[in-house]
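What follows is one structure encoded as structure tokens, with my remarks underneath.
Naming: A, B, ... by sequence-line order, numbering from 1 per chain.
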Protein chains: 2
Amino acid sequence: MATTRPTHAFKTPCEQCPLRALPTFREFSRDELEFVSKFKRGELVADAGATILVEGAHSAHLFTVLSGWGFRYKSLEDGRRQILNYVMPGDLIGLQGTIMGEMQHSVEALSPVSLCVFERDKLMTLYNKHASLAFDVTWIAAQEERILDEHLLSIGRRTALERAAYLIAFLFERASRLKLFNGRKYIPITQQHVADTLGLSIVHTNKTLKKLAAKGLIRWQERACEVLDGEGLKDAAGWEGFGESVRPFI
Amino acid sequence: MATTRPTHAFKTPCEQCPLRALPTFREFSRDELEFVSKFKRGELVADAGATILVEGAHSAHLFTVLSGWGFRYKSLEDGRRQILNYVMPGDLIGLQGTIMGEMQHSVEALSPVSLCVFERDKLMTLYNKHASLAFDVTWIAAQEERILDEHLLSIGRRTALERAAYLIAFLFERASRLKLFNGRKYIPITQQHVADTLGLSIVHTNKTLKKLAAKGLIRWQERACEVLDGEGLKDAAGWEGFGESVRPFI
DNA sequence: CGCTTAGTTGAGTTCGTTCAACGACTGTGG
DNA sequence: CCACAGTCGTTGAACGAACTCAACTAAGCG
């Protein structure tokens, strides 16, 4: 059974956080690092398939993803599901619940996920004591907004083939920046996930992905999507990619 | 010609801001009010149809809508346009440009719009001196994210009829809270706007709206959508509406 | 008075859906 | 160890939703 559970066993010290080493993330001052370190309550591990946060919950926690892949989604009463975005290391989750009281979406793990846990109540002291970090939280929220804008454009106005290419190019670019690929470039999603992200049926998603495969852009293997030509996907989607920019994280 | 222009003639003092009187907005402390008042640079007026912000611009300003209706959108190279969300009084616009350097979407006025103008550079002092206001900015960003989530669910998974009903119910609910309707409940959009929001063609949008009209939920008149039955629209969309919640604004 | 914009309607086509059946693979219990 | 169920991916056929093309009305404006 897929579950989430706390790991008291091992707690990565923020000073040695593996994410900080990546060039995508901005440098922290000693002061900031110290605060974040105290802000952190513990760690949590979720199996692939486990639900990390549930729509409607009043979560007392705020998380940062340390490792693994997941996704955010919403559903209609009759079960139709829409994936809103994917979460990867460095992403903040549960902010909506923290700021507005109730989660309006759910979060599920795609692979084993480990998370840093922060105390919701202490967020206000972050705002009071560390304006620079408060600014970072806003930056992250604005960035998420930007991604949702792009997804909305994609679902609303791109064709099925363009949409599929955009989605995979998008995931590939994000994951590449985070150096998530060791050898082969596998994105750990099923075609059902792709369908629920693009707003298409599984059958048509399958046929669309086959077209991308026929063009030599991707290959579907071992329940994952292997990216063969990231640039080709961006071309097929008519997508520029995100600019450079160093991003903050908590 | 539709233009935007500064009005030095008349500057509404923040203390007498007509929006603060509305119950939707949270109360401000004397301190906060004083700061916002100094933060404000002036006012700007845009005609209906004028472009307020343009994709790709490095805007030096941040705005709050004082009155009027507008919308945010993105386009693909070949001209396909997607409306992302609508802006109404109390909404902050240009935050993306302020925080991340470059606007990734454009904003256009639907009706005459008046805006409060803030200096981009002073945003950091807001974070330094007024944590409560900084928190509000994040709140606003998180709220926008929430709305985009709902739109994504709508475009991705609702049928054309449900989507149309959702959109109008959504606009109606927001406008009602802001007491934007005096007599008749007119939403100042064309069917082209509806089409570009829902990701449909104009022809099909027209046929879909006719169905809503046949059900007695709306009426299309004088280049605007008159809402006849807001609750009926929510039912038709399978949409709950947003909860209560008092919102902040700058 | 013509020109433009917004809305309407019909006909034919394309894109995406549902239904259905099947193969490959995984995990589980007998 | 095998039988069986469950998930994932694949494919064909028939249907339906949404699109394009096209023609036309009504209103607003110079």
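A tilted orientation is assigned to the rings of B:Phe25 and B:Phe249, their planes being inclined by 30° to 60°. By the 30° and 60° cut-offs, the orientation of the rings of A:Phe242 relative to A:Trp239 is perpendicular.
B:Ile202 places its CD1 atom 13 Å from the C1' atom of D:dA22, with the value rounded to the nearest Å. Nucleotide C:dA24 holds its P atom 16 Å from the CD atom of A:Gln221, rounded to whole Å. Here the C1' atom of nucleotide D:dT7 and the CH2 atom of A:Trp220 are 15 Å apart, to the nearest Å. In this structure, A:Arg219 places its CZ atom 16 Å from P of D:dG9, rounding to the nearest Å. Separating the CG atom of A:Leu198 from the C1' atom of C:dT17 is a distance of 15 Å, rounded to the nearest angstrom. Between the NE2 atom of B:His193 and the P atom of C:dT5 there is a distance of 13 Å, given to the nearest Å. In this structure, the CD atom of B:Gln192 is 9 Å from the P atom of C:dG7, given to the nearest Å. In this structure, CG of A:Asp78 is placed 11 Å from P of C:dT18, rounded to the nearest angstrom.
When side chains are defined from C-beta on, A:Thr51 does not count as touching A:Val107, because their heavy atoms never get closer than 4.5 Å.
One finds a side-chain N or O of B:Gln191 lying less than 4.0 angstrom from the OP1 or OP2 phosphate oxygen of C:dT8.
Between the side chain of B:Ser106 and the backbone N or O of B:Glu55 there is at least one donor-acceptor pair closer than 3.5 Å.
Near DNA chain C, meaning a heavy atom under 4.0 Å from it, residues 203-218 of chain B has B:Val203, B:Asn206, B:Lys207, B:Lys210 in order of number. Residues of residues 161-172 of chain B having a heavy atom closer than 4.0 Å to DNA chain C: none are found.
Checked against D:dA18, D:dG9, C:dG16, the side chain of A:Leu200 finds its nearest nucleotide in C:dG16.
Residues B:His204 and B:Thr208 approach most closely at O-OG1, 2.7 Å, considering heavy atoms. When all heavy atoms are compared, the tightest approach of B:Gln192 to B:Ile202 is OE1-CD1, 3.3 Å.
Here the OG atom belonging to A:Ser75 is positioned 9.5 Å from the CD atom belonging to A:Gln82, to the nearest 0.5 angstrom.
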| field | Protein-to-nucleotide contact annotation, 5' to 3' order, nucleotides 25-30 of chain D [B base; S sugar-phosphate only; - none; under 4.0 Å, heavy atom] | value | ------

| task | Test A:Gln104 against B:Asp149 for side chain to side chain donor-acceptor pair (under 3.5 Å), laying out the working first. | result | CA-CA 9 Å; A:Gln104 300 283 330; B:Asp149 285 353; over 6 Å; no

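Applying the side chain to side chain donor-acceptor pair (under 3.5 Å) rule to pairs touching residues 166-176 of chain A yields A:Asp91-A:Arg174, A:His151-A:Tyr166, A:Glu173-A:Lys234, sequence neighbours excluded.
Residues passing the salt bridge (charged side-chain N to carboxylate O under 4.0 Å, His left out) test with B:Glu108, sequence neighbours excluded: none. In this view, B:Gln221 and B:Tyr186 satisfy the side chain to side chain donor-acceptor pair (under 3.5 Å) rule, not counting sequence neighbours.
When each of B:Ala224 and A:Ser201 is assigned the nucleotide of DNA chain C with its nearest heavy atom, B:Ala224 is the one assigned upstream, toward the 5' end.
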